[in-house]
**Student:** 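Take this structure first; my questions come after.
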Amino acid sequence: MFALVDVNSFYASCETVFRPDLRGLPVVVLSNNDGCVIARSAEAKKLDIKMGVPYFQMKDLIRKHRVQVFSSNYALYADMSNRVMTTLEEMAPAVEIYSIDEAFMNVSGVSNCMSLERFGRDVRDRVQRETHLTVGVGIAQTKTLAKLANHAAKKWSKTGGVLDLSNIDRQRKLMSMVPVEDVWGVGRRISKKLNLMGIETALHLAECSTWVMRKHFNVVLERTVRELRGEPCLELEEFSPTKQQIVCSRSFSSRITEYEQMRQAICAYAERAAEKLRGERQYCRQIAVFLRTSPHVANEVFYGNQAMGKLLTPSNDTRDIIRVAIEALDRIWIAGHRYMKAGVMLGDFYSQGVAQLNLFDEFRPQPNSAALMHVIDGVNQSGKGKLWFAGQGIDKPWAMKRQMLSPAYTTRYSDLPVVK
DNA sequence: TCTGGGGTCCTAGGACCC
DNA sequence: TCTGGGGTCCTAGGACCC
């Protein structure tokens with residue numbers, strides 16, 4: 001038996017926890033660069049503010065309804081997420097942290113001592129008490145059904161935010177009311193195709209032949225069908241598998257046209273990516289760089305490209321990663337474009353670094369690499385200051401825009417933006 | 001003027017091997 | 001008349017998730 005717990009309007013709720021004066025007002029949180037809406041409070045949803053709408057398109061609406069707008073403050077959200085997850089881990093033998101605001105819990109043994117619904121309410125009350133955040137809880141025999149239950153718990157207020165969907169008749173009744181596109185794992189493309197085949201509700205999908213689904217689509221959808229019927233195909237993954245890829249990319253605050261600025265940005269992304277790689281205790285051999293202009297501008301030619309470089313010896317030394325990234329950048333940089341976004345991707349990971357020196361490797365592993373990286377990461381995590389490579393530059397005019405950032409209520413001073 | 005960032009899994013097809 | 005069989009690895013692209 002699985003429970004899926006997720007926080008209602010997570011980012012927006014994190015902002016209001018520390019601002020009780022905002023309760024009852026519509027609140028939205030914007031993506032990086034204050035680009036578009038990525039979270040809305042219940043009141044903002046009522047105003048029909050859609051997910052993903054560009055901020056500049058809704059300024060009138062915001063003024064009219066006194067919508068409270070925040071830049072995203074990931075340091076705050078990550079900290080609040082940790083608090084929620086810690087509480088959940090104290091309440092179940094196994095928890096899978098599925099995303100920043102969601103977790104699956106193993107609740108198989110619970111029904112021996114209390115009803116599943118009672119347990120769901122306990123989870124909700126305790127998280128509320130300890131973090132001032134409200135969660136929804138869905139419970140069922142498979143992850144896909146638990147997701148569905150959670151979805152319904154939020155949609156129908158009479159559930160009080162908790163729904164035990166372990167009863168087969170209740171499952172069928174709910175599935176007959178849920179459109180197929182609301183099923184976990186069914187996105188826009190597949191739901192369109194399913195609709196054309198006459199499959200419109202979750203129940204229709206659950207009653208499809210697995211063989212036909214596999215033939216017309218793929219095994220992923222076949223598993224979804226089985227899960228909807230109560231046959232578990234997905235397990236609880238308590239320990240996150242090691243990452244296979246690390247990406248660090250940002251849109252720029254304004255378009256980049258100068259090579260020097262692009263080099264600084266790539267250098268900064270490479271540094272951040274290398275830091276994440278060391279956080280995973282991994283070493284990489286592949287370093288790729290991509291850049292692109294805006295796809296939205298009508299009278300400009302779109303340019304997007306990417307290039308990959310390889311290290312012969314796996315490394316997590318920022319200096320190696322910057323060097324290969326800049327070499328890759330130089331292969332795809334074309335002057336004259338107005339670049340909107342760029343990024344650095346790391347791949348081909350190894351759990352050990354210098355396994356074997358290659359005789360023909362022209363770049364030797366850097367001496368004392370591990371010690372130097374340890375010092376850099378130590379300083380940067382201490383909250384006392386930041387160390388960075390000179391290649392990033394000092395002014396960083398390309399750095400992202402966050403004009404409505406809330407204070408770092410729970411985290412350190414150094415997470416605040418520097419105001420000059 | 002202005003539109004996010006970071007991941008995963010699966011499949012098909014080509015290169016290459018014996 | 002008439003061109004083997006079976007396998008692995010890699011990459012690109014498509015779909016999905018939050």
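Throughout, protein chains are lettered first and strands after them, A, B, ... in sequence-line order, and every chain is numbered starting at 1. Not measured: the values here are computed from a predicted model.
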**Student:** Assign the ring pair A:Y303 / A:Y339 to parallel, tilted or perpendicular, where the plane angle (0 to 90°) is split at 30° and 60°.
**Tutor:**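 Because their plane-to-plane angle is over 60°, the rings of A:Y303 and A:Y339 count as perpendicular.
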
**Student:** Look at all strands and tell whether A:K193 reaches a base, only sugar-phosphate, or nothing, counting heavy atoms closer than 4.0 Å.
**Tutor:**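 Answer is nothing: A:K193 stays at 4.0 Å or more from every strand.
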
**Student:** Just checking A:D34: base, sugar-phosphate only, or nothing, at a heavy-atom cut-off of under 4.0 Å?
**Tutor:** nothing

**Student:** Within the 4.5 Å heavy-atom criterion, are A:E280 and A:I246 side-chain neighbours or not?
**Tutor:** yes

**Student:** Quote, to the nearest angstrom, the P distance that separates C:dC18 from B:dT3.
**Tutor:**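 About 25 Å, rounded to a whole number of Å.
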
**Student:** Please tell me which of A:F217 and A:M400 maps to the more 5' nucleotide of DNA chain B, matching each residue to the nucleotide holding its nearest heavy atom.
**Tutor:**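 Its nearest nucleotide lies further toward 5', so the answer is A:M400.
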
**Student:** Does the structure show a Watson-Crick or G-U wobble partner for B:dC18, both distances under 3.5 Å? Name it, or say none.
**Tutor:**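 Because both required distances fall under 3.5 Å, B:dC18 counts as paired with C:dG5.
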
**Student:** Can you check whether A:L30 reaches A:C36 side chain to side chain, under 4.5 Å on heavy atoms?
**Tutor:** no

**Student:** Given that A:I246 and A:R338 both sit by DNA chain B, which one's nearest nucleotide is further toward the 5' end?
**Tutor:**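 This one resolves to A:R338.
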
**Student:** Of all nucleotides in DNA chain B that come within under 4.0 Å of a heavy atom of chain A, which is furthest toward the 5' end and which toward the 3' end?
**Tutor:** B:dC2 to B:dT11

**Student:** Hey, does A:I190 reach any base, or is it just sugar-phosphate, or nothing, if we go heavy atoms under 4.0 Å?
**Tutor:** sugar-phosphate

**Student:** Indicate, with a heavy-atom threshold strictly under 4.0 Å, whether A:R223 touches base, sugar-phosphate, or nothing.
**Tutor:** sugar-phosphate

**Student:** Would A:K143 count as a cation-pi partner of A:F104, with NZ or CZ less than 6.0 Å from the six-membered ring centre and within 45° of the ring normal?
**Tutor:**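 Yes, A:K143 lies over the aromatic ring of A:F104.
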
**Student:** We want to know whether A:S191 and A:E181 form a side-chain donor-acceptor pair, criterion being a heavy-atom distance below 3.5 angstrom.
**Tutor:** no

**Student:** Students often get this wrong, so: under 4.0 angstrom with heavy atoms, is A:V219 touching a base, only sugar-phosphate, or nothing?
**Tutor:** sugar-phosphate

**Student:** Across the strands shown, which category fits A:K147 at heavy-atom distances under 4.0 angstrom: base, sugar-phosphate, nothing?
**Tutor:** sugar-phosphate

**Student:** Is the A:F217-A:W211 ring centre distance short of 6.0 angstrom?
**Tutor:**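 Here the rings of A:W211 and A:F217 have centres that are no less than 6.0 Å from each other.
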
